[in-house]
Each structure stands twice: as structure tokens, then as C-alpha cells.
Amino acid sequence: MLQKLIAGNWKMNGSLAANQALLTGILAGLAERAPACQVAVAVPAPYLAQVQQLVAGSAIALGAQDVSQHAQGAFTGEVSAGMLGDFGVRYVLVGHSERRQYHGETDAVVAAKAQAALAAGMTPIVCVGETLQEREAGATDAVVQRQLAVVIAAVGADVARLVVAYEPVWAIGTGKTASPEQAQAVHAALRTQLRAANAQCASVPLLYGGSMNAANAQQLLAQPDIDGGLIGGAALKPADFLQIIAAAA
Ligand code: PEP
């Protein structure tokens, strides 16, 4: 069976001192009990060098929270996949709902970012998810499948190299979690969509994200089509993040 993947999304949180304290706590926990899953942290770009050093030789892989779809040039403020590669970045979030919502990222932009990450040898974690209004309108599957379809069409055979994260927008940072049954139903639909695109995609990891925490992780991760978690708030507390990692064993 594929090992699960637990990825922390630090969002725009941290400082040199706070990052060191957080990772010291997580690494101490992992030294006591080696993880039976894959672990990653997606950190703010200015801290990539710091975190690269802190996690070197450990079980924690380095991730970034965004990437430019462009390779280089006059794109002030952007960070290219090549630049992320210089710091040993392995995973890149693309299409997080906060990027879609606050930075106007369209499905096409998200797909171009996934392509840029793949071209640089990284694994994009493609985030999809519906708003509360869309869920209440019965449009959940249609929305997440539309978001994923654009990426599938853009990346071609590389679809098997993706990670997909289902993150209902209404569950992110709200303390409201999708029930294990709700999450499993969407994951099963995404799995079917991926399998239809390419038989090898049956093994694309499908993460759940949205207020996953130490208390609810085990039940969510026990669902047959939930292959891991994308964790925001709880990834900033060593004890909570370690409990989620333990729940993924
Ligand atoms: C996220 O930002 O990807 C996320 C899942 O956040 P939270 O766990 O805080 O809901």
C-alpha cells in the first residue's frame, strides 16, 4: 500500500525564530517515533533556505506554497520553479483556494503552474474545492472535476506525477471539517476521473484538507480514497502535527 502523505501548509506565518522552534519540535517527535508516512512542509518563500537546512537529512520534504507559471523575466514579485529547485523544493502547492480567491488565479493559470512545477521536476499538489454556496447548490462534483479537468488536459501523460488535494473552501481555516463520508465521496469521484484520464492515475495520491486536526485525522485518513492530508493551522503546532502524522501510520 502507498504510504500516506501529510503536508503542512504554513501559509503566511512564521519567522526565523518561530520556524526553528516549530521544526525543532517536529523533528524531536520524529526522532522518537519515525513516521510511517511521507511528511512535507510548504513554507513561505523567504524561509526556503532556512528550512532546507533545518530539514536536511530528515524525513521532512520541503515544499513551496506557489510558483510562477513563467520561467523567468519581468514578473516582479514572482518566484519561478527553477528558483524553488535551487532550494531543493520537492512539492509545490498550486491552486490553493486562497490563491484562487485573493489573487484571481483561474483554472488555466493553475494548470500552467502545475506544468511549470512538473517541468522543473517537482510534484505539484493541485488544490481543488467548492465553496459553501456551490456545495449547497449540489455542484460539488462538477466544480472540483472542472478544476481538475483543466489540469489533466494541460499536463498530458504527466498526470500520473500529480498529487491532488481536495479542500472544500468552507472547511479551510473555519474549524468546520467535511465529514469522513463527505470527503470520501468527493475523493472517490476524483479517483474515477483520474482513472478515466489515464489508468496509471489510480495511484495519484488524493489528500484531504480543511480543518484536519489531531482529533479528526484518524477517521478522515481511514477512508479508502483519502491518501493523506494537507494541514494548515494544525501544522503550526508540533504536538498536533505529530499526532496527525501518527494517525497516518
Ligand atoms: C489549508 O490551508 O490548506 C488548510 C487545509 O488549512 P486549515 O487546515 O487551517 O483548514
For this session: Look at atom CZ of Arg33 and say whether more than 12 heavy atoms of other residues, nucleotides or ligands are closer to it than 6.0 Å.
Result: no
For this session: Quick one: sort the His70 and Phe75 rings into parallel, tilted or perpendicular, breaks at 30° and 60°.
Result: parallel
Exercise. Under a single-linkage definition using a 4.5 Å side-chain heavy-atom cutoff for Ile, Leu, Val, Met, Phe, Trp and Tyr, are Val92 and Leu62 assigned to the same hydrophobic cluster?
Worked result: yes
Exercise. Near Gln182 CD, under 6.0 Å, is it more than 12 heavy atoms from other residues, nucleotides or ligands?
Worked result: yes
For this session: Determine the minimum heavy-atom distance between Ala64 and Val89, stating which atoms define it.
Result: N-CG1, 3.9 Å
Exercise. With the 4.5 Å side-chain cut-off for hydrophobic clustering, are Ile152 and Leu206 part of the same group?
Worked result: yes
Exercise. Can Cys127 and Glu167 be said to form a side chain to side chain contact (heavy atoms under 4.5 Å, CB included), step by step?
Worked result: CA-CA 7 Å; Cys127 304; Glu167 297 208 303; 4.1 Å; yes
For this session: Please step through side chain to side chain contact (heavy atoms under 4.5 Å, CB included) for the pair Val128 and Val151, ending with a clear verdict.
Result: CA-CA 10 Å; Val128 300; Val151 177; over 6 Å; no
For this session: Could you verify whether a donor N or O on one side chain and an acceptor N or O on the other, from Asp225 and Gln184, lie under 3.5 Å apart?
Result: yes
For this session: Please name the pair of heavy atoms, one in Pro224 and one in Asp227, separated by the smallest distance, quoted to 0.1 Å.
Result: O-OD1, 4.3 Å
Problem set entry | Among Val41, Ile231, Leu230, the one residue meeting side chain to side chain contact (heavy atoms under 4.5 Å, CB included) with Ile6 | Ile231
Seminar exercise, completed: In short, Ser211 meets Ala171 closest at the heavy-atom pair OG-O, 2.7 Å
For this session: Starting at OH of Tyr208, measure out to CG of Leu220 and round the result to the nearest 0.5 Å.
Result: 6.0 Å
Problem set entry | Close side-chain approach of Ser58 to Leu30, heavy-atom, < 4.5 Å | no
Problem set entry | Evaluation steps, side chain to side chain contact (heavy atoms under 4.5 Å, CB included), between Leu207 and Val164 | CA-CA 6 Å; Leu207 314 185; Val164 175; over 6 Å; no
Problem set entry | Co-membership, hydrophobic cluster, residues Tyr91 and Val204, 4.5 Å side-chain | no
For this session: Determine, using the 4.5 Å side-chain heavy-atom cutoff (strictly less than), whether Leu54 and Leu16 are members of one ILVMFWY cluster.
Result: yes
Exercise. Any chance CD of Glu32 has more than 12 other-residue heavy atoms, nucleotides or ligands included, within less than 6.0 Å?
Worked result: no
Exercise. With Arg99, which residues qualify under salt bridge (Lys or Arg N to Asp or Glu O under 4.0 Å), at least two apart?
Worked result: Asp66, Glu105
Exercise. How far apart are the C-alpha atoms of Leu48 and Val43, what are their side-chain angles, what is the distance that settles it, and do they pass the side chain to side chain contact (heavy atoms under 4.5 Å, CB included) test?
Worked result: CA-CA 7 Å; Leu48 287 170; Val43 310; 3.7 Å; yes
Seminar exercise, completed: Of all heavy-atom pairs linking Leu5 and Val39, the shortest is CD1-N, 4.3 Å
Exercise. Does one hydrophobic cluster hold both Leu93 and Leu190, with members joined at side-chain heavy-atom distances below 4.5 Å?
Worked result: no
Problem set entry | Closest contact, heavy atoms only, Ile125 versus Ala7 | CD1-CB, 4.4 Å
Problem set entry | Chi angles and distances behind the side chain to side chain donor-acceptor pair (under 3.5 Å) call for Glu130, Trp170 | CA-CA 8 Å; Glu130 82 288 5; Trp170 49 271; 2.9 Å; yes
Exercise. Is Gln219 atom CD crowded by more than 12 heavy atoms from other residues, nucleotides or ligands, each under 6.0 Å away?
Worked result: no
For this session: Look up atom CE in Met83 and atom CG in Asp86, then write down how far apart they are to the nearest 0.5 Å.
Result: 8.5 Å
